[in-house]
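Because only heavy atoms are used, hydrogens play no part in the values below, and waters and symmetry mates are left out as well, while side chains stay in. Note that this is a predicted model, so its numbers are computed, not measured.
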Amino acid sequence: MAWKINAYHEPEEGDASIMRFKTYAICLYLVAVYWISLNIPHMHALFFPTLGAFSLLFISRPFRRDEVRNIAAGAVAASFIGSLLAHWNAGAGSLLITLLIVIGLINLFKWNAPPILAVSLIPYFARPPVFWAIPLSVCGALAGLLLTLSIAAFCEKKFGSFLPFTGAGSHSKTESDSVM
């Protein structure tokens with residue numbers, strides 16, 4: 001059985017409570033990243049809106065470890081391409097080249113993760129002083145996200161019935177759980 005980042009199996013009807021724990025873990029992670037980006041100088045680029053999209057992507061479907069690694073590497077590569085081209089020239093021409101290259105890479109490597117394209121556009125509106133700030137931030141933020149999800153999966157597997165927010169014994173599904 002392949003290792004999967006979201007609870008080691010396909011979510012089933014009664015799994016909304018397990019997914020709810022990951023949702024809370026991700027929310028706490030996103031708040032922590034946001035706080036760091038607000039309060040620590042030079043860490044502003046650590047928080048980017050697409051991080052929320054990656055979070056939802058990673059908890060809404062199961063991924064094998066190699067798929068997650070490829071998606072994360074694709075996001076870092078896309079942010080590097082966007083950063084390099086935006087640093088060279090922040091005009092519409094370099095934006096078009098960024099889009100074409102990243103879409104080509106998404107198709108070539110069959111990355112089924114739309115946030116990868118969005119990450120490549122961050123340098124065009126964030127304008128960091130050095131071109132490597134965004135790729136480094138994307139790499140660090142995604143590494144933290146994957147670590148958070150791995151810890152949450154471990155805790156669910158090991159201590160699932162004892163964890164808060166899992167609704168142990170209660171498998172009622174609400175409309176707000178439909179995404180999960």
Side-chain angles (χ1 to χ4, degrees), residues 1-11 19 22-23 25-30 32-34 36-37 42-154 179-180:
M1 182 168 128
W3 181 84
K4 295 181 181 177
I5 196 137
N6 96 349
Y8 307 110
H9 67 283
E10 287 280 345
M19 296 301 290
K22 282 194 174 111
T23 302
I26 284 174
C27 288
L28 290 174
Y29 174 71
L30 291 173
V33 169
Y34 181 65
I36 290 169
S37 72
H42 308 294
M43 296 296 281
H44 181 68
L46 191 63
F47 182 76
F48 49 94
T50 319
L51 189 56
F54 278 113
S55 300
L56 183 59
L57 177 71
F58 289 150
I59 66 167
S60 64
R61 314 185 268 153
F63 288 97
R64 291 185 326 270
R65 191 181 310 194
D66 62 328
E67 290 175 312
V68 172
R69 187 175 38 244
N70 289 340
I71 289 171
V76 173
S79 67
F80 181 79
I81 291 165
S83 293
L84 194 60
L85 290 171
H87 188 71
W88 169 65
N89 178 4
S94 67
L95 176 65
L96 176 62
I97 293 169
T98 298
L99 292 169
L100 292 173
I101 291 171
V102 172
I103 290 171
L105 290 173
I106 288 170
N107 290 329
L108 178 67
F109 294 109
K110 298 182 182 4
W111 293 323
N112 191 8
I116 291 175
L117 183 61
V119 166
S120 72
L121 305 177
I122 293 172
Y124 289 94
F125 62 84
R127 309 281 174 124
V130 290
F131 79 92
W132 50 263
I134 298 296
L136 188 61
S137 295
V138 168
C139 184
L142 286 178
L145 173 64
L146 296 178
L147 180 64
T148 300
L149 287 172
S150 296
I151 291 170
F154 173 79
V179 172
M180 297 176 259

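- The line from OG1 of Thr98 to CG of Leu85 is 4.0 Å long, rounded to the nearest 0.5 Å.
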Would you tabulate the side-chain donor-acceptor contacts of residues 89-97 under 3.5 Å, counting partners in other chains and residues two or more places apart, or write 'none'?
{"unit_1": "Asn89", "atom_1": "OD1", "unit_2": "Gly91", "atom_2": "N", "d": "3.1"}
{"unit_1": "Ser94", "atom_1": "OG", "unit_2": "Asn89", "atom_2": "O", "d": "2.2"}
{"unit_1": "Ser94", "atom_1": "OG", "unit_2": "Gly91", "atom_2": "O", "d": "3.1"}
{"unit_1": "Ser94", "atom_1": "OG", "unit_2": "Tyr124", "atom_2": "OH", "d": "3.4"}

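- Side chains of Trp132 and Phe80 form no contact here, defined as non-hydrogen atoms less than 4.5 Å apart.
- Going from atom OG1 of Thr148 over to atom CG of Leu28 covers 9.0 Å, rounded to the nearest 0.5 Å.
- In terms of the side-chain contact (heavy atoms from CB on, under 4.5 Å) criterion, residue partners of Phe47 (sequence neighbours excluded) are, by chain and number, Val33, Tyr34, Ser37.
- Every residue meeting the side-chain contact (heavy atoms from CB on, under 4.5 Å) condition with Ile36, not counting sequence neighbours, appears here in chain and number order: Ile40, Met43, Leu46.
- Thr23 has its side chain out of reach of Leu56: every pair of non-hydrogen atoms, C-beta onward, lies at least 4.5 Å apart.
- For Tyr29, there are no ring pair (Phe, Tyr, Trp, His ring centres under 6.0 Å) partners two or more places apart in sequence or in a different chain.
- Ala45 approaches Ser137 most closely through the heavy-atom pair O-CB, 3.3 Å.
- Among pairs with a residue in residues 75-87, none fulfils side-chain hydrogen bond (donor to acceptor under 3.5 Å, both in side chains), at least two apart in sequence or across chains.
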Using residues 100-113 as the side-chain source, report each donor-acceptor pair under 3.5 Å to any protein atom, sequence neighbours left out, with the distance given to one decimal.
{"unit_1": "Asn107", "atom_1": "ND2", "unit_2": "Ile103", "atom_2": "O", "d": "3.3"}
{"unit_1": "Trp111", "atom_1": "NE1", "unit_2": "Asn70", "atom_2": "O", "d": "3.4"}

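- The side chain to side chain contact (heavy atoms under 4.5 Å, CB included) test with Phe54 is passed by exactly one of Leu142, Ile26, Leu146: Leu142.
- Pro62 approaches Glu67 most closely through the heavy-atom pair O-OE1, 4.4 Å.
- Rounded to the nearest 0.5 angstrom, Ile134 CD1 and Leu84 CG are separated by 13.5 Å.
- Distance check: Ser150 OG to Phe58 CZ gives 10.5 Å after rounding to the nearest 0.5 Å.
- Interatomic distance, CG of Leu117 versus OG1 of Thr50, reported as 9.5 Å (0.5 Å rounding).
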